Amino acid sequence: MVAAATRTEVCPDLGLQDSTAQGLFVALGGNRDTFSIGELRCAAFRTQVVDQLTENFFERNPSALGVGLWPLLGTRSHRFDSQLWVDVDAPPVADLRRRFLPSRPGWLQQASCLCNAAWVDGLGGGPSRQRLFVMDESVLPLNAEVMMRVLDSLSRGGSVGSELIVAFDAHAPLRQV
């Protein structure tokens with residue numbers, strides 16, 4: 001959120017436009033000076049790359065559903081405001097997001113712990129499952145057991161052609177061999 005909110009000062013060359021992040025940053029009393037220029041540029045670059053991956057997926061799958069896992073104060077669901085999108089956060093964070101982020105058609109904020117995969121049932125699975133674009137935006141590392149539960153649930157909830165971007169340690173074993 002901070003990188004998207006301060007992008008005009010820190011990295012105007014990226015062209016990242018996010019008035020929602022700017023408004024949230026101001027509403028929460030954000031202070032850009034607590035971050036170095038390098039931190040902001042790296043975060044903005046990462047945001048830009050993931051936004052390009054997101055855009056590419058939705059160009060190929062316009063009726064897919066975007067899913068943000070623990071986006072915390074991220075605003076990707078609002079940058080892609082023409083897409084159906086569900087954000088899943090822990091209940092206190094979901095309440096904060098509902099309070100500070102503007103509602104928009106096609107956006108749903110769910111409150112759930114990722115350790116309980118029942119939230120996947122609310123994505124509209126079943127016989128006519130749709131393609132999902134799932135973004136793990138969590139900044140807190142998920143242990144292997146929780147990550148495996150999330151991945152198993154998503155594989156049952158989305159159709160073939162769904163895609164997943166995960167922030168996870170590739171060296172962590174997911175299943176015992």
Side-chain angles (χ1 to χ4, degrees), residues 1-55 57-58 64-124 132-142 146-147 150 153-154 157 164-168:
M1 178 221 17
V2 177
T6 60
R7 78 351 180 175
T8 54
E9 310 159 39
V10 177
C11 42
D13 50 315
L14 292 181
L16 183 62
Q17 300 294 321
D18 195 335
S19 59
T20 302
Q22 290 172 319
L24 184 59
F25 188 68
V26 169
L28 294 173
N31 180 357
R32 188 190 79 84
D33 296 334
T34 60
F35 301 91
S36 74
I37 295 294
E39 288 173 317
L40 292 172
R41 285 191 63 79
C42 286
F45 179 74
R46 177 187 181 274
T47 299
Q48 181 80 11
V49 168
V50 174
D51 277 1
Q52 288 173 350
L53 292 170
T54 305
E55 185 176 359
F57 176 82
F58 285 120
L65 173 67
V67 180
L69 303 181
W70 283 22
L72 301 174
L73 297 176
T75 54
R76 183 166 285 107
S77 58
H78 285 64
R79 283 194 300 282
F80 288 88
D81 60 357
S82 63
Q83 297 302 141
L84 295 175
W85 201 285
V86 175
D87 283 321
V88 182
D89 281 286
V93 176
D95 290 343
L96 179 77
R97 287 174 56 83
R98 282 188 199 106
R99 181 173 164 206
F100 284 100
L101 288 175
S103 63
R104 70 162 183 85
W107 174 63
L108 174 66
Q109 175 66 59
Q110 281 192 322
S112 179
C113 176
L114 292 183
C115 58
N116 174 2
W119 60 268
V120 176
D121 296 337
L123 297 180
L132 304 175
F133 180 77
V134 182
M135 269 295 312
D136 169 17
E137 301 190 70
S138 60
V139 293
L140 303 173
L142 300 177
V146 171
M147 180 55 77
V150 168
S153 297
L154 287 170
L164 174 69
I165 296 179
V166 180
F168 189 68

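Just so we're clear, the structure is a prediction, and the values are computed from it rather than from any experiment. If you read the sequence from its start, that first residue is 1, and numbering goes on from there.
Contact between R79 and T47 at its shortest, heavy atoms only, is NH2-CG2, 3.3 Å. Considering every non-hydrogen atom in both L65 and W85, the closest pair reads CD1-N, 3.8 Å. The shortest non-hydrogen separation linking F80 to D51 is CZ-O, 3.3 Å. The minimum heavy-atom distance between L132 and F57, with the atom names listed, is O-CZ, 3.6 Å. Listed here is the closest heavy atom pair of F100 and L24: CB-CD1, 3.3 Å.
A distance-only check finds a donor-acceptor pair linking the side chain of R104 to the backbone of S77 [under 3.5 Å]. The main-chain N or O of G74 is found under 3.5 Å from a side-chain atom of R97 such that the two form a donor-acceptor pair. Checking side-chain atoms of S36 against main-chain N and O of E39 turns up a donor-acceptor pair under 3.5 Å. Of the possible donor and acceptor atoms, none in the side chain of D87 sits under 3.5 Å from a partner among the backbone N and O of Q109.
Here the CG-CD distance, from L53 to Q48, works out to 10.5 Å after rounding to the nearest 0.5 Å. Taken to the nearest 0.5 Å, the CZ atom of F133 stands 3.5 Å off from the CD1 atom of I165. Separation of atoms CG (D95) and CG (D89) is listed at 10.0 Å; rounding is to 0.5 Å. The CH2 atom of W70 sits 5.5 Å away from the SG atom of C113 when rounded to the nearest 0.5 Å. The distance from atom CG of D81 to atom OG1 of T20, rounded to the nearest 0.5 Å, is 8.0 Å. Note that CG of L154 and CG of D136 are 10.0 Å apart. Values are rounded to the nearest 0.5 Å.
Ring orientation note: the planes of H78 and W107 are nearly perpendicular, at an angle over 60° on the 30°/60° scale.
Every side-chain contact (heavy atoms from CB on, under 4.5 Å) that A111 has, sequence neighbours left out, goes to P91, A94, R98.
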